> 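The structure under discussion is supplied below as structure tokens; questions concerning it will follow.
Computed over heavy atoms, backbone and side chain alike; hydrogens, waters and symmetry mates excluded. Each chain gets a letter, A, B and so on, in the order the sequences are listed, and its residues count up from 1. Bear in mind that the values here come from a model prediction, so they are computed numbers and not experimental data.
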2 protein chains.
Amino acid sequence: MANDKVTSNDVARLAGVSQSAVSRYFTPGTSVSKKTAEKIRAAAEELGYRPNVLARSLITGRSRIIGLVVAYLENYFYPEVVERLSKALQDQGYHVLVFISSIASENVDQITQEILDYQVDGIVLASANMSSELAARCHASGVPIVLFNRLQDDERLSAVTSDNRAGGRQLAELFVSLGHRRCGYIAGFEGASTQRDRERGFREGLEAAGLPLSAREVGNFRYEDAQAAARRMFAGPEHPDAVFVCNDHMAFAVMDVLRFELGLRIPDDVSVAGFDDVPPARWPAYNLTTIRQNVDDMVAETVATLMHSIKEGEGAARRITLDGALVLRGSTRAKALTEETR
Amino acid sequence: MANDKVTSNDVARLAGVSQSAVSRYFTPGTSVSKKTAEKIRAAAEELGYRPNVLARSLITGRSRIIGLVVAYLENYFYPEVVERLSKALQDQGYHVLVFISSIASENVDQITQEILDYQVDGIVLASANMSSELAARCHASGVPIVLFNRLQDDERLSAVTSDNRAGGRQLAELFVSLGHRRCGYIAGFEGASTQRDRERGFREGLEAAGLPLSAREVGNFRYEDAQAAARRMFAGPEHPDAVFVCNDHMAFAVMDVLRFELGLRIPDDVSVAGFDDVPPARWPAYNLTTIRQNVDDMVAETVATLMHSIKEGEGAARRITLDGALVLRGSTRAKALTEETR
DNA sequence: TTCAGCCTTTCATACGTATGCAAAACAGGT
DNA sequence: ACCTGTTTTGCATACGTATGAAAGGCTGAA
């Protein structure tokens with residue numbers, strides 16, 4: 001790294017100006033005469049000089065780095081988030097330093113410490129929780145945090161989520177309108193706000209129609225755990241005729257078990273719905289009814305929140321809830337069956 | 001970021017020692033007496049001090065940042081790579097700064113310039129190419145580059161790939177042994193070495209058995225483009241009875257078209273094989289025969305190559321080719337059909 | 001107790017850059 | 001030509017930290 005390092009002093013010497021002029025040339029909003037600017041541009045080009053972002057950060061207090069914590073990329077939803085968030089921040093002159101945490105968030109505090117070592121300008125937590133002690137620490141350091149697709153009871157943390165509760169309620173209402181009377185739910189990771197809110201909405205929707213939740217299992221947001229959950233749920237003689245699976249990723253697993261292990265037909269025997277609308281939900285093999293999370297808008301709101309906090313300092317935390325959209329596909333019945341046709 | 005910033009000078013004051021002692025306490029391999037160490041530890045803990053990685057990089061010439069360029073995360077293969085590479089580097093005390101490029105690599109040079117601004121200790125290019133001008137630039141800066149799952153003719157660039165050519169040949173041999181006589185190939189992005197090598201191996205394997213490639217289309221590594229490619233390939237009365245699709249991601253698209261649009265049975269009417277063995281290849285909905293890329297070993301070799309280059313400087317570029325493994329699943333025939341049963 | 005060798009500590013400086021301030025230069029009007 | 005106001009420039013310093021060199025302290029052997 002130390003070889004052939006070109007500094008602003010080298011450029012200044014070649015251009016016959018001061019280092020200060022070179023710095024001003026590369027700093028927006030400062031004044032440099034046309035003549036001086038041309039000398040500097042030519043010298044910088046000849047030497048291949050570009051300012052050192054890290055050295056700048058010492059002076060400006062701005063590293064142009066955003067720390068991003070993701071728990072797992074196995075679920076198609078999060079690669080999409082990483083990709084779009086990186087691009088959107090890249091367009092704003094920031095770059096994403098990626099940290100991988102566990103699903104249960106037990107190492108997020110340690111990771112956040114490491115993130116702070118890099119003097120990041122902000123942190124995005126995608127599907128992970130942070131201790132309030134660390135939240136206070138970030139707050140004291142002036143580092144804004146945005147929870148992506150996760151909620152937490154801490155007024156210092158901004159959050160951008162879909163309306164998970166409304167989405168769960170929508171699916172309950174859908175099942176009811178399709179004539180389903182035995183509805184099951186497969187939960188994600190119990191510590192996640194998305195899991196809690198989606199279930200809450202689903203239960204509320206069923207209760208409004210006078211129906212209980214007839215079966216519940218836990219899939220921990222993992223394909224294999226969701227397979228096992230489906231096996232448990234459909235092991236007895238009485239099983240649900242409709243299942244809301246907390247996210248698409250697990251819904252694929254449930255569908256695979258129903259079809260290929262239990263010989264059940266979707267949606268003839270069981271309707272299945274998920275949440276997210278990740279790419280495979282659109283693939284004919286799954287053709288999954290789901291609630292679409294508007295990733296583009298979520299990313300845009302996250303970036304806007306971060307940029308605002310970074311520029312204005314402090315500010316109250318923002319809680320942004322975006323509407324999801326019900327997407328009907330072939331995994332749920334097309335219409336309610338009449339009693340006769342059963 | 002400027003609020004409440006605790007520096008090594010604050011710790012030194014509180015502990016009653018010099019800033020230099022504080023620095024040495026946090027620098028492995030330096031000497032500090034037990035007494036002084038305890039004073040510093042207590043002061044640092046009380047003030048919540050941790051060294052500033054970026055300030056350190058000015059002195060040490062080491063940022064502990066690795067730039068990672070990925071072209072798209074749509075293909076399940078790359079999220080897995082990002083996750084594992086980030087973890088492996090995290091374990092070595094490095095962190096990954098992510099940059100998203102386009103599939104055709106036309107903006108990789110600009111991105112690499114931006115990466116260098118961050119004084120990265122190394123760069124990993126996952127499924128992307130770099131101009132030789134930029135390669136020279138990185139070489140001059142002493143920044144090691146490792147191509148992941150991509151090859152390029154530049155002796156300054158290290159690379160870690162699977163043996164794509166052997167994998168292609170294995171699939172040709174498999175098709176031949178299963179009695180297939182009309183074999184098709186759906187290519188990825190034409191500018192990618194993986195696409196070229198897999199096709200070359202496939203063609204060689206067919207030629208060794210005296211068979212021509214009977215159909216070829218291009219899918220550009222994208223689901224939708226692969227769907228279109230499958231439609232074109234199977235539009236006429238004569239179509240292949242076996243298809244090698246350049247990667248799993250596109251193979252899913254081809255399978256979906258064959259089954260749900262053309263009413264063809266897999267593998268009864270057409271055998272389909274992919275390359276990568278990404279998670280959905282194992283899901284019962286696809287159950288795809290494929291060549292497994294050993295991601296764990298590829299990541300380990302990439303990290304080892306980077307660490308070696310960073311520690312030893314210069315060194316010759318390393319080209320590491322790992323064997324893939326043929327994984328037989330239900331998308332290819334179980335055995336050759338005899339002429340009678342046809 | 002003294003001496004030599006090794007360990008520990010502090011001082012001064014450097015890393016690459018931005019910025020406040022004072023001085024110099026420039027531009028337009030009288 | 002002189003004056004005033006504005007722009008531009010360079011000097012000096014700071015950001016947070018690591019490190020070479022010199023000085024001081026410690027330890028064990030004679």
Side-chain angles (χ1 to χ4, degrees), chain A residues 1-41 43-44 47-65 116-121 141-142, chain B residues 1-41 43-44 47-65 116-121 141-142:
Chain A
M1 189 67 244
N3 333 11
D4 272 1
K5 186 180 296 289
V6 180
T7 73
S8 55
N9 281 308
D10 302 320
V11 176
R13 238 179 331 255
L14 183 61
V17 300
S18 71
Q19 179 269 325
S20 170
V22 175
S23 179
R24 271 185 282 101
Y25 174 78
F26 285 100
T27 304
T30 58
S31 63
V32 190
S33 71
K34 283 197 201 305
K35 193 158 116 183
T36 301
E38 177 53 31
K39 286 194 283 188
I40 292 171
R41 189 204 56 75
L47 295 174
Y49 169 79
R50 288 174 68 103
N52 178 340
V53 174
L54 306 188
R56 287 188 155 208
S57 76
L58 281 201
I59 309 289
T60 62
R62 290 278 176 256
S63 64
R64 321 285 312 193
I65 295 174
L116 291 176
D117 293 348
Y118 283 88
Q119 318 299 309
V120 295
D121 293 341
S141 302
Chain B
M1 193 63 248
N3 333 8
D4 273 1
K5 186 180 296 292
V6 181
T7 73
S8 56
N9 281 309
D10 302 319
V11 175
R13 238 181 328 260
L14 183 61
V17 298
S18 69
Q19 180 270 326
S20 170
V22 175
S23 178
R24 271 185 289 102
Y25 173 78
F26 286 101
T27 305
T30 59
S31 62
V32 189
S33 72
K34 283 197 200 310
K35 195 159 120 186
T36 303
E38 176 53 31
K39 286 193 282 187
I40 293 170
R41 188 204 58 75
L47 296 174
Y49 170 79
R50 287 176 65 103
N52 178 341
V53 174
L54 306 190
R56 286 186 158 209
S57 74
L58 280 202
I59 310 290
T60 62
R62 290 278 175 258
S63 64
R64 323 284 310 196
I65 295 173
L116 291 177
D117 293 346
Y118 284 88
Q119 319 299 308
V120 292
D121 293 343
S141 301

> Show the nearest heavy-atom pair for residues Phe26(B) and Pro28(B), with the distance to one decimal.
O-CD, 3.6 Å
> Output all residues satisfying ring-ring contact (aromatic ring centres under 6.0 Å, His included) with Tyr25(A), sequence neighbours left out; order by chain, then residue number.
none
> CZ of Arg41(B) to OH of Tyr49(B): how many Å apart, nearest 0.5 Å?
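Reported value, rounded in 0.5 Å steps: 15.5 Å.
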> What pairs of nitrogen or oxygen atoms, one from the protein and one from nucleotides 18-22 of chain C, lie under 3.5 Å apart?
residue	atom	partner	partner atom	Å
dA18(C)	OP1	Arg56(A)	NE	2.2
dA18(C)	OP1	Arg56(A)	NH1	3.3
dA18(C)	OP1	Arg56(A)	NH2	2.3
dA18(C)	OP2	Ser23(A)	OG	2.2
dA18(C)	O5'	Ser23(A)	OG	3.1
dA18(C)	N7	Gln19(A)	NE2	3.4
dA18(C)	N6	Gln19(A)	OE1	3.0

> Taking only residues two or more places apart in sequence, or in another chain, which ones meet Ala15(B) in a side chain to side chain contact (heavy atoms under 4.5 Å, CB included)?
Val17(B), Lys39(B), Ile40(B), Ala43(B)
> Could I get the full list of side-chain hydrogen bond (donor to acceptor under 3.5 Å, both in side chains) partners for Thr36(A), not counting sequence neighbours?
Ser33(A)
> Per the end-axis method with five pairs at each terminus, what is the bend angle of the helix from dT1(C)-dA30(D) to dT30(C)-dA1(D), to 10°?
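Here the local axes at opposite ends form an angle of 40°.
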> Of all heavy-atom pairs between Leu47(A) and Val6(A), which one has the smallest distance, and what is that distance?
O-CG2, 3.4 Å
> Which atoms form the tightest heavy-atom contact between Ala55(A) and Leu58(B), and what is the distance?
CB-CD2, 3.5 Å
> At a heavy-atom distance below 4.0 Å, which nucleotide of DNA chain D is the first touched by chain B, and which is the last?
dG16(D) to dT19(D)
> Name every residue in residues 32-39 of chain A that has at least one heavy atom under 4.0 Å from any atom of DNA chain C, in order of residue number, or write none if there are no such residues.
none
> Just jot down the side chain to side chain contact (heavy atoms under 4.5 Å, CB included) partners of Thr27(A), sequence neighbours excluded, or say none.
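Thr27(A) satisfies side chain to side chain contact (heavy atoms under 4.5 Å, CB included) with Ser23(A), Thr30(A), Arg56(A) only.
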> Arg50(B): what forms a salt bridge (charged side-chain N to carboxylate O under 4.0 Å, His left out) with it, not counting sequence neighbours?
Asp117(A)
> Any pair with a residue in residues 11-26 of chain A that passes salt bridge (Lys or Arg N to Asp or Glu O under 4.0 Å), sequence neighbours left out, goes on the list, sorted by first then second residue, please.
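Qualifying pairs: Asp10(A)-Arg13(A).
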> Applying side chain to side chain contact (heavy atoms under 4.5 Å, CB included), name anything that partners Leu54(A), two or more places apart in sequence or on another chain.
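Listed in chain order: Asn52(A), Leu54(B), Ser57(B), Ser63(B), Tyr118(B), Gln119(B).
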> Measuring to OP1 and OP2 of dT9(C), would you say a side-chain N or O of Ser18(B) lies under 4.0 angstrom away?
no
